[in-house]
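Below is the structure I would like to discuss, written out as structure tokens.
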Amino acid sequence: MLTSIALLEGAGISRATLNNYIADGLLPRPEVRRQAAAPGEAPTTLGYFPDWALERIQQIQELKRTGVSMDDIKHQLADAAEPVAHTAPPPPVARPAADKPPVVEKRNASGAVQASESVQVSVENIPYAAYMVNFEFQLVWLNPLAQKEFFAGNQIPERATDRSIIPTLLDWAADLPAQEQARLFNAHLGLIKSRLPRQTFNQNLGGLPDAQRQWLMNCYDQCPEPDNRLQHIVGLMHPDPDIGACQVVALCFREGVLIVYVPDEQDVNQLLNSISRRDTFIRNLLSQRLPVLTPLAVMVADLQNSVRICSELPPEDYFQLINQIWSTLDPIFREYYGAYGKHTGDGMVYYFFPQPDRNYLMNAVLCANKVRETMQDISHDWKVRKGWTNQLYMNIGLSEGEEWLGTFKTNTNFELVVLGETINICGRLSDLARFGKVWATKGLISKLSNTERSKIRYGVERDTPEGKVFVNNSYAQVTSLLSSNEPRHAKLMDIATCAVTEVLPKL
């Protein structure tokens, strides 16, 4: 089953469009998963759709692209239990040789491919060379076939900034005809350039000779952005002449682009069907991502007085509160490209990685401010609902650094894990914060541009003879903020010399 949020993200449609499809009978009404609610309150939870709903939406989009009207689409698909093959004109098919299956000449669609009856393809058993790059062309994951076929078993660099695949692509393309070189790069660029500004792409090419750099910029300018998040290009010459022509399947996720090279004579249907289940596929893929030394920002947030709140609420109300907090905050983290780290009871850890089109450090700061603002709304809602005087606060610490990122895996789940002192400092700053404050390290704030810093308020409250005064654009060592007679401050002494500042909402 898919949540409505997963379905909207996977299909790339608005909620209004989803509601229209339901009203037209093209999709079933969602199954509401009820959780325990407060007395007298309506259930609050997400709707769930069957797994085939994503394929149905892709099928509708494919029909619309071929010129079929919505009335005809409804006539073909409404009230059908599951997606069915449509009667839109098929793409041109080359006449096959007697001993070879048909080969599609050109195709940029995903939903029309039907599943095969053979073994299901998964991340663990993709039978072709495959790798994933982020939106700055840095290698995130690759399978053993890609390691052997494209990288000749070479050691993958440790640092994210050294993992650009562009030099490797240039080496692969050196012996290809000019047209094939452009097609090879366009298979990658088409889905990446929507998140990769031209200026950023140009800056990332700084170490290349001028001729290669100019050629790549021409590719960027001329490469069209596809309408679909999945590209299926056939007849592309593989860099290895022994393999010859191949199909390139490129699928865009929020975290990057997956590239798979399939020999032309192979059936690609199982692969397309498997990767169309986006949420499951990307989670399995990211659980196997390469450990990498990367710059990042970390946010640790903790619900203040959670033990007391838990003792005051019936169990069903407490879990409803916690679930409401996490489900409300999750879209905010996604908006600012925060990557889920872990939940520890009523606390959370999120990571913010470099992005080609925005500053990841600013993402972390803006996200923290949005979380604080949203918690005020949740707190007000629960005051009205319970008639209590408790104010809900999410205390937040922000830090940055360059650390090793990897995954801890179980049989059913995985968790992003950062090794190093950055997350430890961030956790201590969360302990320092009280009453919904946001504390950040000087290192994080000082790495923002002057323009970015002008968009936020930060500083430290100082004691003066006239009372407390907030001094803007200033920092303080943690030790100067501590009161020695408060027991909770004892565990903060290991960051006593760390320079920090309080981030405030913008006036």
Side-chain angles (χ1 to χ4, degrees), residues 134 140 158-161 255 286-287 289-304 306 325-326 329-330 332-334 336-355 359-369 371-372 394-410 413-434 436-448 475 477-479 481-482 488-503:
N134 63 19
V140 174
E158 293 181 347
R159 294 181 183 274
T161 50
E255 297 80 1
L286 291 179
S287 72
R289 68 187 300 161
L290 298 168
V292 61
L293 188 60
T294 180
L296 81 167
V298 181
M299 175 192 294
V300 174
D302 189 56
L303 181 64
Q304 183 169 307
S306 58
I325 290 173
W326 298 156
L329 297 186
D330 184 67
I332 298 174
F333 289 111
R334 297 180 71 85
Y336 293 101
Y337 295 96
Y340 168 80
K342 61 181 177 181
H343 283 174
T344 53
D346 41 42
M348 64 173 73
V349 177
Y350 271 82
Y351 306 121
F352 298 82
F353 303 110
Q355 302 292 330
N359 188 340
Y360 68 103
L361 301 173
M362 191 65 174
N363 277 350
V365 174
L366 294 178
C367 183
N369 274 335
V371 167
R372 172 169 44 198
M394 190 65 71
N395 300 325
I396 296 176
L398 298 174
S399 185
E400 61 78 36
E402 184 181 58
E403 304 289 1
W404 278 100
L405 169 74
T407 56
F408 286 166
K409 293 182 289 185
T410 68
N413 203 359
F414 82 96
E415 179 181 295
L416 286 178
V417 176
V418 167
L419 306 178
E421 67 176 5
T422 300
I423 192 169
N424 297 327
I425 292 173
C426 197
R428 290 291 181 259
L429 290 182
S430 176
D431 293 333
L432 173 67
R434 299 292 290 171
K437 289 186 176 182
V438 177
W439 284 95
T441 60
K442 180 179 181 179
L444 188 152
I445 300 299
S446 63
K447 288 183 179 179
L448 300 176
Y475 307 92
Q477 287 189 330
V478 170
T479 186
L481 304 172
L482 304 181
R488 75 180 185 89
H489 287 163
K491 62 181 178 180
L492 299 176
M493 295 310 296
D494 56 350
I495 61 166
T497 60
C498 182
V500 298
T501 189
E502 182 184 351
V503 178

Report task. For residues Leu429 and Val300, determine if any side-chain heavy atom of one lies less than 4.5 Å from a side-chain heavy atom of the other. Result -> no
Query - ring-ring contact (aromatic ring centres under 6.0 Å, His included) against Tyr475, all qualifying residues, sequence neighbours excluded - result: Tyr458
Query raised in the report: What closest approach, in Å, do Cys426 and Gly397 show between heavy atoms, and which atom pair accounts for it?
Result: SG-O, 2.8 Å
Query - Partner residues of Val417 under the side chain to side chain contact (heavy atoms under 4.5 Å, CB included) criterion, sequence neighbours left out - result: Phe408, Glu415, Leu419
Report task. Would you please test Trp404 and Glu158 for side chain to side chain contact (heavy atoms under 4.5 Å, CB included) and show each step? Result -> CA-CA 9 Å; Trp404 278 100; Glu158 293 181 347; 3.7 Å; yes
Query - Any Val349 side-chain heavy atom under 4.5 Å of Val418 side chain - result: no
Report summary line: Value for CD1 (Ile325) from CE (Met348), rounded to nearest 0.5 Å, stands at 7.5 Å
Query raised in the report: Are Val371 and Val438 side-chain neighbours, meaning at least one heavy-atom pair lies under 4.5 Å?
Result: no
Query raised in the report: About how many Å separate CZ of Arg428 and OG1 of Thr441, when rounded to the nearest 0.5 Å?
Result: 15.5 Å
Report task. With sequence neighbours excluded, tell me which residues meet side chain to side chain donor-acceptor pair (under 3.5 Å) with Glu255. Result -> none
**Report entry** For Leu366, all residues meeting side chain to side chain contact (heavy atoms under 4.5 Å, CB included), sequence neighbours excluded
**Finding:** Tyr336, Met362
Report summary line: The salt bridge (Lys or Arg N to Asp or Glu O under 4.0 Å) partners of Glu402 (sequence neighbours excluded) come to Arg159
Query raised in the report: How many angstroms lie between atom NZ of Lys442 and atom CD of Gln477, to the nearest 0.5 angstrom?
Result: 9.5 Å
Requested in this report: For Asp330, enumerate each residue passing the salt bridge (Lys or Arg N to Asp or Glu O under 4.0 Å) test, keeping only those at least two apart in sequence or located in another chain.
Outcome: none
Query raised in the report: Roughly how far, to the nearest 0.5 Å, is the CG atom of Asp302 from the CZ atom of Arg434?
Result: 9.0 Å
Requested in this report: Could you go through the side chain to side chain contact (heavy atoms under 4.5 Å, CB included) check for Phe353 and Asn134 one step at a time?
Outcome: CA-CA 11 Å; Phe353 303 110; Asn134 63 19; over 6 Å; no
Requested in this report: For Ala364, check side chain to side chain contact (heavy atoms under 4.5 Å, CB included) against everything at least two apart and list the hits.
Outcome: Ala297, Phe352, Leu398
Query raised in the report: At their closest point, which heavy atom of Tyr360 faces which heavy atom of Gln355, and how far apart are they?
Result: CB-N, 4.5 Å
**Report entry** Trp439 and Val478, any side-chain heavy atoms less than 4.5 Å apart
**Finding:** no
Report task. Measure the spacing between CG of Leu361 and CG of Leu296 and express it to the nearest 0.5 Å. Result -> 9.0 Å
Report task. Would you check if Asn395 and Lys437 make a side-chain contact, meaning some heavy-atom pair closer than 4.5 Å? Result -> no
Requested in this report: Return the set of residues passing ring-ring contact (aromatic ring centres under 6.0 Å, His included) with Phe333 (not counting sequence neighbours), or none when no residue passes.
Outcome: Tyr350
Query raised in the report: How many angstroms lie between atom OG of Ser399 and atom CG of Leu444, to the nearest 0.5 angstrom?
Result: 7.0 Å
Query - side chain to side chain donor-acceptor pair (under 3.5 Å) involving Arg372 - partner list, sequence neighbours excluded - result: Asn369
Query raised in the report: How close do Ala160 and Val292 get, heavy atom to heavy atom, and via which atoms?
Result: N-CG2, 3.5 Å
Report summary line: salt bridge (Lys or Arg N to Asp or Glu O under 4.0 Å) filter on Lys447, not counting sequence neighbours, yields Glu400
Requested in this report: Using the test side chain to side chain donor-acceptor pair (under 3.5 Å), find all partners of Asn363 that sit at least two apart in sequence or belong to another chain.
Outcome: none
**Report entry** Taking every non-hydrogen atom, the tightest pair across Gln304 and Gly436
**Finding:** OE1-N, 4.4 Å
Report task. Could you check if a side-chain atom of Ile445 sits within less than 4.5 angstrom of a side-chain atom of Val503, using non-hydrogen atoms only? Result -> yes
Query - With Thr422 via side chain to side chain donor-acceptor pair (under 3.5 Å) - residues at least two apart - result: Glu403
Query raised in the report: Should Leu482 and Leu432 be marked as a side chain to side chain contact (heavy atoms under 4.5 Å, CB included) after you check the CA-CA gap, both sets of side-chain angles, and the distance that decides it?
Result: CA-CA 9 Å; Leu482 304 181; Leu432 173 67; 3.9 Å; yes
